[in-house]
Q: 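What follows is a single structure, and I will ask about it in a moment.
Proteins come first, then strands; the chains are lettered A, B, ... in the order of their sequence lines, and each starts at number 1.
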There are 2 protein chains.
Amino acid sequence: MLFSKTCEYAIRACIYIAQQSGEDKKVAIKEIAKGIDSPEHFIAKILQNLSKKGFINSVKGPNGGFYMDKKNMKTTISDIVLLIDGDSLFTKCVLGLKQCSENKPCPLHNQYKHTRKEIIELFRNSKIGQISEQVDLNETFLKLK
Amino acid sequence: MLFSKTCEYAIRACIYIAQQSGEDKKVAIKEIAKGIDSPEHFIAKILQNLSKKGFINSVKGPNGGFYMDKKNMKTTISDIVLLIDGDSLFTKCVLGLKQCSENKPCPLHNQYKHTRKEIIELFRNSKIGQISEQVDLNETFLKLK
DNA sequence: AAAATAAAGGATAAAAAACTCTTTTATTAA
DNA sequence: TTAATAAAAGAGTTTTTTATCCTTTATTTT
Ligand code: FES
Ligand code: FES
């Protein structure tokens, strides 16, 4: 498993919010939970955190909810992963050595470093705004029926 | 994190046993724990499991311990991962959708599938026997200092 | 045969991750 | 200005992962 459950939900939620909302249209927790098929109270906590860190925007009260402004549309998958799971996936030794380095590499280091670089690039190049468009076109999905 | 802690220890332990042991020379739990810098009682449990599944060989009593026969030298990292962590890393959706498929792909599926293939290949092509030789030559390491 | 050794097995404990519930605060609309 | 709404905040529970301890079994050496 690359990501924690929390991180999976966070990414799906961000994409959903980007796709469903606008400055005027907001989406409520309940709708998000349904839209990405996640536990309602759990995603609530995650959204709270994303909001506090400024990754998504929120408004309380009637007609309130979550939305994503232009700036936040540029957030990358990498940004979200770093916020939720930290940089372990990107920097830590795949076999759990205290640190990953070229001097004292683990037996998988030399092959794995290339794959890891690819992973990092992939997530760095994936912007929420652009991804949400694919979902909008029904090319990709955030939950299964 | 790609692997569970259990899986990291299991891989390191297998490589250590392959490198240190032979049909006549066996290594004890204590030495293994030191050699790969893992909790002694925890690695004991893991070795028990690896032994039961036939991934490593063991002998009880004085001068007993763990070793690895010719056949087990051919075990791959992939085999160990499948035993300990199951196939989630290789088959499950990276964003946690109920299933990963081409029909209903998640937003990361199309790029990620190539990376995943690389990961799978990398681990399938890494044989314990061959890896242990690198460690023997001090080219790669199982613990830091 | 007895004592010593080392893994196997089983039960438990601590920590982290996943998930839930209840109360409070901000905002809006009636 | 009151009632309703929806997120924020905080506390709590459950489950899984990580780790430890103790007893039993097998083997070997004395
Ligand atoms: S040292 Fe293990 S991945 Fe770099
Ligand atoms: S559907 Fe998500 S990785 Fe294939």
Side-chain angles (χ1 to χ4, degrees), chain A residues 1-13 16-17 20-21 24-68 81 83-86 88-89 96, chain B residues 1-13 16-17 20-21 24-68 81 83-86 88-89 96:
Chain A
M1 243 61 163
L2 248 51
F3 306 138
S4 68
K5 225 95 224 345
T6 304
C7 192
E8 290 177 0
Y9 291 145
I11 296 171
R12 304 222 303 268
Y16 185 81
I17 292 169
Q20 295 285 327
S21 77
D24 43 348
K25 201 203 166 199
K26 279 123 200 149
V27 278
I29 291 177
K30 216 166 230 169
E31 198 198 320
I32 296 171
K34 275 178 196 159
I36 67 170
D37 190 26
S38 74
E40 187 181 321
H41 291 112
F42 192 33
I43 197 67
K45 279 281 135 196
I46 297 168
L47 293 173
Q48 214 178 95
N49 185 25
L50 287 169
S51 172
K52 198 165 59 183
K53 299 287 167 50
F55 281 54
I56 57 179
N57 312 87
S58 75
V59 175
K60 282 182 180 179
N63 294 316
F66 296 89
Y67 68 100
M68 198 170 274
V81 174
L83 177 76
I84 310 277
D85 285 346
S88 343
L89 180 63
Chain B
M1 244 60 163
L2 248 53
F3 306 138
S4 68
K5 224 94 224 346
T6 304
C7 193
E8 290 177 359
Y9 292 145
I11 296 171
R12 304 222 302 269
Y16 185 82
I17 293 169
Q20 296 284 327
S21 76
D24 42 350
K25 200 203 167 199
K26 279 123 198 149
V27 277
I29 291 177
K30 217 164 230 173
E31 197 198 321
I32 297 171
K34 276 180 195 160
I36 68 171
D37 190 27
S38 74
E40 186 181 321
H41 292 111
F42 192 32
I43 196 67
K45 280 279 136 202
I46 298 169
L47 293 172
Q48 212 179 100
N49 186 24
L50 287 169
S51 172
K52 198 165 61 185
K53 299 288 166 46
F55 281 54
I56 56 179
N57 311 86
S58 74
V59 175
K60 283 184 180 177
N63 294 316
F66 296 90
Y67 68 100
M68 198 170 274
V81 173
L83 176 76
I84 310 278
D85 286 345
S88 343
L89 180 65

Q: Between B:K25 (side chain only) and B:Q20 (backbone N and O only), is there a donor and an acceptor less than 3.5 Å apart?
A: yes
Q: Kindly give the heavy-atom pair with the smallest separation between B:M68 and B:S21, and that separation in Å.
A: N-OG, 3.3 Å
Q: Using atom NZ of A:K30 as one end and atom P of D:dA4 as the other, report the distance to the nearest whole Å.
A: 16 Å
Q: Check the distance between D:dA7's P and A:I17's CD1 and give it to me in whole angstrom.
A: 10 Å
Q: Please give, in whole Å, the distance from C:dT27 P to A:Y67 OH?
A: 12 Å
Q: Where along residues 33-53 of chain A does a heavy atom come under 4.0 Å from DNA chain D, residue by residue in number order?
A: A:K45, A:Q48, A:S51
Q: Mind grabbing the angle between the end helix axes of the helix from C:dA1-D:dT30 to C:dA30-D:dT1? Five pairs an end, 10° rounding.
A: 0°
Q: Indicate yes or no for a side-chain donor-acceptor contact from B:S51 to the backbone of B:L47 under 3.5 Å, with no hydrogens or angles considered.
A: no
Q: Any protein N or O atoms within reach of nucleotides 24-30 of chain D? Criterion: under 3.5 Å, listing atom names and distances.
A:
| unit_1 | atom_1 | unit_2 | atom_2 | d |
| --- | --- | --- | --- | --- |
| D:dT25 | O2 | B:K60 | NZ | 3.2 |
| D:dA26 | O4' | B:K60 | NZ | 3.1 |
| D:dT29 | OP1 | B:N63 | ND2 | 3.1 |

Q: Could you tell me how far apart A:F66 (CZ) and D:dT5 (P) are, to the nearest whole angstrom?
A: 18 Å
Q: Roughly how many Å is it from CD1 in A:I32 to C1' in D:dA7, rounded to a whole number?
A: 10 Å
Q: Can you list every salt bridge (Lys or Arg N to Asp or Glu O under 4.0 Å) pair that touches residues 34-49 of chain B, not counting sequence neighbours?
A: A:K98-B:D37
Q: Which residues pass the side-chain hydrogen bond (donor to acceptor under 3.5 Å, both in side chains) test with A:N57, sequence neighbours left out?
A: A:D69, A:N72
Q: Report the residues that fulfil salt bridge (charged side-chain N to carboxylate O under 4.0 Å, His left out) with B:K52, sequence neighbours left out, ordered by chain and then residue number.
A: none
Q: Please name the pair of heavy atoms, one in A:N63 and one in A:K26, separated by the smallest distance, quoted to 0.1 Å.
A: O-CD, 3.7 Å
Q: Please name the pair of heavy atoms, one in B:I32 and one in B:A13, separated by the smallest distance, quoted to 0.1 Å.
A: CG2-CB, 4.1 Å
Q: Restricting to side chain to side chain contact (heavy atoms under 4.5 Å, CB included), what partner residues turn up for B:A44, sequence neighbours left out?
A: B:I29
Q: Give a yes/no on whether any side-chain N or O of A:S58 is located under 4.0 angstrom from OP1 or OP2 of D:dA6.
A: no
Q: Who are the ring pair (Phe, Tyr, Trp, His ring centres under 6.0 Å) partners of B:F3, not counting sequence neighbours?
A: B:F123
Q: Would you please name every residue forming a ring pair (Phe, Tyr, Trp, His ring centres under 6.0 Å) with B:Y67, sequence neighbours left out?
A: none
Q: Can you list the residues that meet the salt bridge (charged side-chain N to carboxylate O under 4.0 Å, His left out) rule with B:K5, with sequence neighbours excluded?
A: B:E8
Q: Which residues in residues 1-11 of chain B have at least one heavy atom lying under 4.0 Å from any atom of DNA chain D?
A: B:S4, B:K5, B:T6, B:Y9
Q: Considering residues at least two apart in sequence or located in another chain, which fulfil the ring pair (Phe, Tyr, Trp, His ring centres under 6.0 Å) criterion with A:F66?
A: none
